Amino acid sequence: MEILLDTANLEQIKKYTSLYDITGVTSNPTIISKENTDFWPLLLEIRKIIGEKQLHVQVTTDTWEEMLKEADAIRTKLGNETYVKIPTTEQGICAMKHLKAEGANVTATAIYTAQQAMMASSVGADYVAPYFNRMNNLNVDSKKVIREISQLFQIHNKETKILAASFKNTEQVMDSLMSGAQAVTVSVDLLTTMVENAIIDFAVNGFKKDWTKIYGEKKIYEL
Ligand code: E4P
């Protein structure tokens, strides 16, 4: 099971890659734009922070030729563990095919259907990224789509992994993993929500109170 951070915010990346076992960082043009800063210095700083972890960077162009030019720049500047995110359109699939022939890492993004996942996997994409919440917004059963993709890849022995994305709550994240996604990319807000709430605090504070009654402020290593 892989957890990635869906952010380009340097402070968040620093904090959460040191706290957790994070597989990498994903971005898209919207996420990058939020940082409102120069593109390459931002991406290079992210690379510096995460070291050899995965960095998924999306192309911004529409034709496969232009996508390949952007992919080349992305790979040259950001190194081996970089995944070029390509929208799963007709042009995108052609770009993926060329990139895989060059040995690049590819993430097929903007996935709404199992058919798109099939096409991306057929040209060797390393990951497909189904958009959970965006599918829900279209009244599409996201869990079913992920289950279908998972079955499809299993039946046909495909090595392509499912990197579920686009979450608005933690239930969607868990549903993705339970439906067969091997990886999820999650905002820091959702990641925090998973382990921070009043009930957890209540339990932890109860233990602390009982300990203090007998041992005061002493820690285990001081006893
Ligand atoms: C993944 O990298 C996707 O680009 C991202 O999760 C989309 O999320 P959104 O639907 O919240 O914009």
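This structure is a prediction, so every number in the text was calculated from the model and none was measured. Note that ligands are numbered from 1 as they come in the structure, with each ligand's atoms numbered from 1 the same way.
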Item to complete: Indicate the ring-plane relationship of Tyr112 and Tyr131, choosing parallel, tilted or perpendicular according to the 30° and 60° boundaries.
Response: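 Tyr112 and Tyr131: perpendicular rings.
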Item to complete: Enumerate the residue pairs fulfilling salt bridge (Lys or Arg N to Asp or Glu O under 4.0 Å) with a member in residues 152-168, sequence neighbours excluded, ordered by first and then second residue.
Response: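 Of all non-adjacent pairs touching residues 152-168, those that pass salt bridge (Lys or Arg N to Asp or Glu O under 4.0 Å) are Glu2-Lys161.
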Worksheet item: More than 12 non-hydrogen atoms from neighbouring residues, nucleotides or ligands closer than 6.0 Å to NZ on Lys97, yes or no?
Response: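 Not more than 12 within 6.0 Å, no.
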Can you produce the list of protein nitrogen or oxygen atoms under 3.5 Å from a nitrogen or oxygen of ligand 1, alongside each distance?
{"residue": "ligand 1", "atom": "2 (O)", "partner": "Asp6", "partner atom": "OD1", "Å": "3.3"}
{"residue": "ligand 1", "atom": "2 (O)", "partner": "Lys85", "partner atom": "NZ", "Å": "2.5"}
{"residue": "ligand 1", "atom": "4 (O)", "partner": "Asn28", "partner atom": "ND2", "Å": "2.7"}
{"residue": "ligand 1", "atom": "4 (O)", "partner": "Lys85", "partner atom": "NZ", "Å": "3.3"}
{"residue": "ligand 1", "atom": "4 (O)", "partner": "Tyr131", "partner atom": "OH", "Å": "3.4"}
{"residue": "ligand 1", "atom": "6 (O)", "partner": "Asp6", "partner atom": "OD2", "Å": "2.6"}
{"residue": "ligand 1", "atom": "6 (O)", "partner": "Ser166", "partner atom": "N", "Å": "2.9"}
{"residue": "ligand 1", "atom": "10 (O)", "partner": "Arg134", "partner atom": "NE", "Å": "2.6"}
{"residue": "ligand 1", "atom": "10 (O)", "partner": "Arg134", "partner atom": "NH2", "Å": "3.4"}
{"residue": "ligand 1", "atom": "10 (O)", "partner": "Ser166", "partner atom": "OG", "Å": "2.7"}
{"residue": "ligand 1", "atom": "11 (O)", "partner": "Lys168", "partner atom": "NZ", "Å": "2.9"}
{"residue": "ligand 1", "atom": "12 (O)", "partner": "Arg134", "partner atom": "NH2", "Å": "2.7"}

Discussion item. List the residues meeting ring pair (Phe, Tyr, Trp, His ring centres under 6.0 Å) with His156, not counting sequence neighbours, and say none if there are none.
Written reply: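 Not a single residue meets the ring pair (Phe, Tyr, Trp, His ring centres under 6.0 Å) criterion with His156.
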Fill in: Listed once per pair and sorted, the side chain to side chain donor-acceptor pair (under 3.5 Å) pairs that draw on residues 170-185, sequence neighbours left out
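Residue pairs with at least one partner in residues 170-185: Thr26-Thr185, Asn133-Gln172.
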Fill in: Lys213 bridged to Asp210 by N-O distance under 4.0 Å
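Salt bridge flag = yes for Asp210 with Lys213.
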